[in-house]
Amino acid sequence: MREKFFYFLFLLLSAPQLLAFNVLIDPGHGGDDLGAGSAPKYTGGKKLTSYEKDIALQVSKKIFHKLQEKNIPVYLTRSMDRTISLEKRAQLSETVQADIFVSIHANSSPNASSSGFETYFLDNHSDAAVKKIERVENSVSGTEDIVGHILTDLVVQKTVGASKSLATSVHHRIKRGLATSYKLKDRGMKAGLFYVLALSKRPAILMELGFVSNKKEKDKLINDSFQNAYAEAIAKGIVDYIQ
């Protein structure tokens, strides 16, 4: 009886902490910034977009609703197709007092056979392959100077442990939930210095869901069922981290 009382007390004390954990989901690109992709595809008169900005928004909205269903306070940096600067996205982290920041993107490559998902967490590194992704996602005026300044700041050292832990939780859920059933290649977890993540100044990850330059993978990325499965895996990973 005594053990049950203490267990119940533990639940009462721990639940508010879980519910008070604010999550900010960031759909990459938007508006005039199309991101990676090709012209929209139409099936039966219905538009099936292949643009990164739209795929990111569709998946982000699904993550948003799934976290709401799990009673997690969650926000979006954009809820529609509009242009929003990387600085503004980072500022929103302060506005909503986010505890974690999750940026959603889709990948592209000159090699049409490139495929798979990647999870990036905020850290300094020297991997040349990752720098290519950084150049794409950091492609705004003045970014290089600001990122260079951030390198001397303590933000990376402060958040790297938590960011890596968040990345591990989310990446594991995607691998377990999608890699086999949807034949999605695991390209691994990688450290990266992304402007929008660094400026958010909190544990943050950037997801590359798959390659829109790969026709088979692009067809998966614009499929509603696949997006739902992806969103559920990411939401579960976020909850794992919070708990």
Side-chain angles (χ1 to χ4, degrees), residues 17-18 20-28 56 59-60 63 66-67 70 72-75 77 86 89-90 92-94 96-107 116-138 143 146-179 184-210 230-243:
Q17 295 174 3
L18 179 62
F21 208 100
N22 294 335
V23 178
L24 182 58
I25 305 297
D26 172 47
V59 175
S60 293
I63 298 169
K66 289 181 184 299
L67 287 175
K70 300 175 192 299
I72 304 295
V74 57
Y75 305 87
T77 58
L86 299 186
R89 295 171 196 265
L92 283 168
S93 297
E94 296 295 334
V96 304
Q97 296 184 320
D99 294 291
I100 60 173
F101 184 93
V102 180
S103 194
I104 305 298
H105 293 258
N107 219 332
F117 69 99
E118 299 170 319
T119 306
Y120 290 87
F121 59 94
L122 183 64
D123 194 7
N124 189 16
H125 61 91
S126 58
D127 190 323
V130 173
K131 289 188 181 299
K132 171 186 170 291
I133 300 292
E134 289 177 344
R135 284 195 299 272
V136 173
E137 304 301 350
N138 290 338
T143 296
I146 298 173
V147 170
H149 177 70
I150 291 171
L151 275 169
T152 63
D153 197 86
L154 290 176
V155 62
V156 174
Q157 288 83 348
K158 282 181 179 179
T159 62
V160 61
S163 293
K164 188 172 183 180
S165 178
L166 172 61
T168 301
S169 295
V170 173
H171 194 88
H172 174 72
R173 280 289 185 174
I174 297 171
K175 184 175 181 179
R176 193 167 77 177
L178 279 81
L184 195 62
K185 181 181 178 181
D186 179 5
R187 297 173 65 93
M189 279 173 45
K190 300 173 184 178
L193 186 67
F194 295 99
Y195 180 40
V196 69
L197 300 190
L199 231 59
S200 72
K201 295 186 178 179
R202 59 241 314 130
I205 60 174
L206 186 146
M207 307 296 308
E208 293 285 1
L209 304 178
Y230 222 133
E232 180 64 25
I234 293 173
K236 285 181 176 178
I238 290 172
V239 172
D240 289 345
Y241 169 79
I242 294 173
Q243 291 176 333

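For reference, positions follow the sequence shown, starting with 1.
In this structure, the separation between OG1 on Thr119 and NE2 on His172 is 12.5 Å, given to the nearest 0.5 Å. Residue Ile104 holds its CD1 atom at 9.5 Å from CD of Glu208, rounded to the nearest 0.5 Å. Note that CG of Leu178 is 6.0 Å distant from CG of Leu184, once rounded to the nearest 0.5 Å. Note: Ser93 OG to Asp99 CG = 10.5 Å, rounded to the nearest 0.5 Å. Here CZ of Arg202 is found 12.0 Å from CG of Leu122. Values are rounded to the nearest 0.5 Å. A distance of 4.0 Å separates CD1 in Ile234 from CD1 in Ile63, rounded to the nearest 0.5 Å.
Across all their heavy atoms, Ala179 and Lys175 have their closest contact at CB-O, 3.1 Å. Residue Arg89 comes nearest to Leu24 through the heavy atom pair O-CD2, 4.1 Å, listed as atom of the first residue, atom of the second, then distance. When every heavy atom of Ser163 is checked against every heavy atom of Ala204, the shortest pair comes out as OG-N, 3.0 Å. The heavy-atom pair separating Pro203 from Ala162 by the smallest distance is CG-CB, 3.5 Å. Residue His105 comes nearest to Gly28 through the heavy atom pair CE1-CA, 3.6 Å, listed as atom of the first residue, atom of the second, then distance.
Judged by distance alone, the side chain of Arg176 and the main-chain N or O of Ala233 form no donor-acceptor pair under 3.5 Å.
Every ring pair (Phe, Tyr, Trp, His ring centres under 6.0 Å) that Phe117 has, sequence neighbours left out, goes to His171. Residues forming a side-chain hydrogen bond (donor to acceptor under 3.5 Å, both in side chains) with Thr77 (at least two apart in sequence, or on another chain): Asp26.
Side-chain contact between Ile174 and Met207 is present, with heavy atoms from C-beta onward closer than 4.5 Å. Considering only heavy atoms from C-beta on, Asn22 comes within 4.5 Å of Tyr75 through its side chain.
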